[in-house]
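Read through the structure below, which is laid out as structure tokens, and then see the notes.
The analysis underlying the following values was restricted to heavy atoms, covering all of them including side chains, and did not include hydrogens, waters or symmetry mates. So that the names make sense, note that chain A is the first sequence line, chain B the second, and so on, each numbered from 1.
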Amino acid sequence: MELNRWVSPLQFMVITINTMIGANLLTLPRTIVATAKQDMWMSILVTSVLFAVSFRIAAALAAYFPNHTSIEYHRILLGRFFGNILNLIMLTLMLAVTAQFIRIFRIAVKIFLLDLTPSQVIVFIFLALAVYAAQHGLGPIIRVQQLLFLFSYSLFIMLILLGVLEVEREHYSPMLADGIKPVLQGSLNCWTAYSGPELIIGFLYPYLVQRERITRYGLIVIGAVTIIYVLIYGITLGILGAAETADLLIPTVMAYRSIEIPDTFIERIDGYLMIVWIAICFTSLLNWLYFIGFGAARMLKLESSRAAMVLLLPLISYLVALPPDYHSFVTASDWINYCSLIWGLGFMPMLLILAWRRKAEMKQCTKD
Amino acid sequence: MQKKIPLENESLFTKLQNLKTLIAGASEVKEDIETLVRTLNEHCVESEAYQLKTALQVNIEHLREILSGSDDIQFREFWIVPFQVKAAIVFLEGMIDQGIINEHIIEKLTASRSSHKFCLEQLALIDSIRNIILTAASVTKEDSMEAIISRILSGDAALFIDTVNTALVIATRKVEFRAVAEPETEAEVLGPRDGFTEELRVNITLIRRRIINPNLIIKKQHIGIRSKAEVAVVYLRGIANFKLIHEVEKRLKNITLDIPAPSGMHNLLEDKPFSIFPTVMSTERPDKLAAALAEGKAGILVDGTPFCYIAPSTFPDFFKAGDDYYEKWLPAALIRITRYAAAFFALTMPALYVAVTSFHPGLLPTPLVLTIGTSREGVPFPAFVEALIMEALLEIMQEAGIRLPKIIGPAVSIVGGLVIGEAAVRAGLVSPPLIIVTSFTAIATFSISSYRLGLPLRLLRVPLMCLAASLGMFGVMCGLLAIAVHLSILESFGEPYLAPLVPKSRANLSDLKDTIVILPATQMVERPDYLEPPDGKRQKGE
């Protein structure tokens, strides 16, 4: 069945940027700096290249099945049983990523905005808002993202650039002091910062117009996101230095806490940064939530995904509260990071080979 | 198959048959009587139940039955002398032009001329009267009583002729109406001074004289079950998308209210009636409607209201004012941005005050925090309650300002502004910074160009304040996100409410030239793409 194609490249780019940039904006510098130290910006560049490859693979795979979402073509490629298992793994992975980033969100809001409010309340309100938005289909979701994208990112980048005032150049040197190995190690740690588009393109592809140029648009997005990451993480490192960045729980906000612009209204940028960041987090959560609900509904062959999205609220709330302390959360985050890395660079190529073989066999059959 | 009846039972069987027929007949009589009683009890007479007859007296009787009780209905019977036939003219006094009835109907029909015999030889009686004798501008033949009644009630006169079961309806409507004056709700500096009135014909003229084009289509229809309100859908053929026109006409046809109020028509046309945001814009300015028509939108003019409805109306449309297009582009663009900012502050200012003073004083520079803290010293309420009291006062004063007669209007500002504001601060009940915040909020609300958009913003202030009081800036942000989500869910006549703020594709990016900012008129070559007009070019050139 031909699905209605209406998502334009512009909307696709907004969705992918919003999916990628989320809560990890605040915590990731710590993870990367712990291994790559002052060369963290190189790690980001390496990850962007790796991720571009993964995205190209995902797009090529989706192109083999232009009228099906990934839920269906997993079944076509692996058979009903194994296909469903793979779908389940994919949705669990997406759930884990979502829960992980809400946990980060919870920690950050608790520390910087509402220290006395129970964290369950924060999580519930935020999730309920996203569920309300996701109830009305993809159209309104894209519109709200476009609206917020315009305002939140323009404000956010402006605030981020203010950090340049406090950057100290010696924090970036010496370059490659420990060789290339820590850089590569760091690049693996920052996969979560990019993860998202390779999963949602499987859902979104049948609805896209101008599919033939999708890789190009994807690469533009990855490039833009890399620039934003290098800016934010680079400025954080430049302000705090490698040792301090690795020590702090949420280094990005802490770095901006020290910035003061004398004789102006704005004295504490970190507060404003946090407020704008809520909007950025919301758009990211909205995408993850919608596509999990959408995937679950297609897997279970439900007519509407509304019920699935409502049920996600208690499920995600449970998953968010699952790690008892911060250390177990960090371990879980590492695992989630590696799992999505394996998905992007392990499962995806495998599926692509299967799709390619299937097409070759079909061609052979028609020739015979 | 019927059973064979024995002979001895045959008479009994006939009796039973007769009894059965009698009972059936009796029940029919009972039903008839019930219907009759019901009709007698009913105060409402359905005009469609009557048919036009050939006998004049019967028709007049029917008319008297239908219009019984109304003393303003006039029946004037006379002889059409040349044809030796009786006739009657029926009209509503006060809604007709007596000159037309005297000079162009009665005088012509009662005068005898030699040419009349020739008329009758050539044409039927009714056509002779219509085409040769009557000199009124518009005379139409009607043979349905319902249509005739409806025309009489709108101010036309109906001529009934004996021996003919068709009536002639002559356009004689002349209603008193307000003169074309400057719109009071939409003041402008450089715009034209004329505004719509309550009379549909005048309003159509105001549009016709602005757009001189045969493709300006005006389609009239009547809506309502008991009272028929005259509605005209206005659009430019070849520019407005036919899907939009179809949708507008469909929605108007679907209105099944018995007596629709003309000024509340927009509430019957909205996509989501439960939403507090207006999705149909109303305007008193003909120039605004003409501009909307030129963009590819449709206008809905209703007889009895000076407000014209524009479909579709999106969120950014409520921030536009006619002056934007009459000023130079840069000041106009800056003023429009100011309006958006004003709307934002009108919505969030009290909530931000509550959130910052109660939760995050760190967001403000230290000297400012100290000033606010010092001035709040001695105030017995928490910031939230303090803001809530001021908000309630503000709303009451705004409402009083609207409802009061204009002569004693200034009393509100004296009592409200000077006495309450000044005295409240001196008594230590509220802090001076809050007075500044509240006043700024009120002024920001006034500077939004649309009164109807100001209402939901006023309404949402209180929930935002509650969120600010319970969850600080996180709550305010969640509230704003919820509003953003709600706006993105809304649609106006099938178009996204946020269009063209959220362009569908790269091709639609040109719509942003007239959204938040405004570019010089020479740069606006295209009509808004989101309306999908058949002719997208506004300026013809090489």
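Only the side chain of A/I125 comes within contact range of chain B, with heavy atoms under 4.5 Å apart. For B/F359, the part lying under 4.5 angstrom from a heavy atom of chain A is the side chain only.
Shortest non-hydrogen contact noted between A/L113 and B/H360 is O-CE1, 3.2 Å. The minimum heavy-atom distance linking A/L114 with B/L471 is given by the pair CD2-O, 3.2 Å.
For the options B/P503, B/G475, B/G472, heavy-atom pairs under 4.5 Å to chain A are most numerous at B/P503.
Contact residues of residues 116-124 of chain A toward chain B are A/T117, A/V121, A/I122 (heavy-atom distance under 4.5 Å). Using a 4.5 Å heavy-atom cut-off against chain A, no residue of residues 452-470 of chain B qualifies as contacting.
With rounding to the nearest 0.5 angstrom, the NZ atom of B/K504 is 10.5 Å from the CD atom of A/Q146. Separating the CE atom in B/M473 from the CZ atom in A/F112 is a distance of 16.0 Å, to the nearest 0.5 Å. Rounding to the nearest 0.5 angstrom, the gap separating the OG atom in A/S152 from the CE atom in B/M477 is 7.5 Å. Atom CZ of B/F344 is separated from atom CZ of A/F151 by 10.0 Å, given to the nearest 0.5 angstrom.
Side-chain atoms of A/I275 and B/L363, non-hydrogen and from C-beta on, do get closer than 4.5 Å to each other.
The environment of CD in A/E303 is sparse: at most 12 heavy-atom neighbours from other residues, nucleotides or ligands sit within 6.0 Å. Heavy atoms of other residues, nucleotides or ligands lying less than 6.0 angstrom from CZ of B/F242 number 12 at most.
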Name each donor-acceptor pair under 3.5 Å that joins a side chain in residues 478-499 of chain B to protein atoms two or more places apart or in another chain, with its distance.
unit_1	atom_1	unit_2	atom_2	d
B/H486	ND1	A/Y132	OH	3.4
B/H486	NE2	B/S275	OG	2.8
B/S488	OG	A/P140	O	3.4
B/S488	OG	B/A484	O	3.3
B/S488	OG	B/V485	O	2.7
B/S492	OG	B/T279	O	2.7
B/S492	OG	B/S313	N	3.0
B/S492	OG	B/S313	O	3.3
B/Y497	OH	B/P278	O	2.5

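By the salt bridge (charged side-chain N to carboxylate O under 4.0 Å, His left out) test, B/R339 is found to be paired with B/D324, residues two or more places apart in sequence or in another chain being considered.
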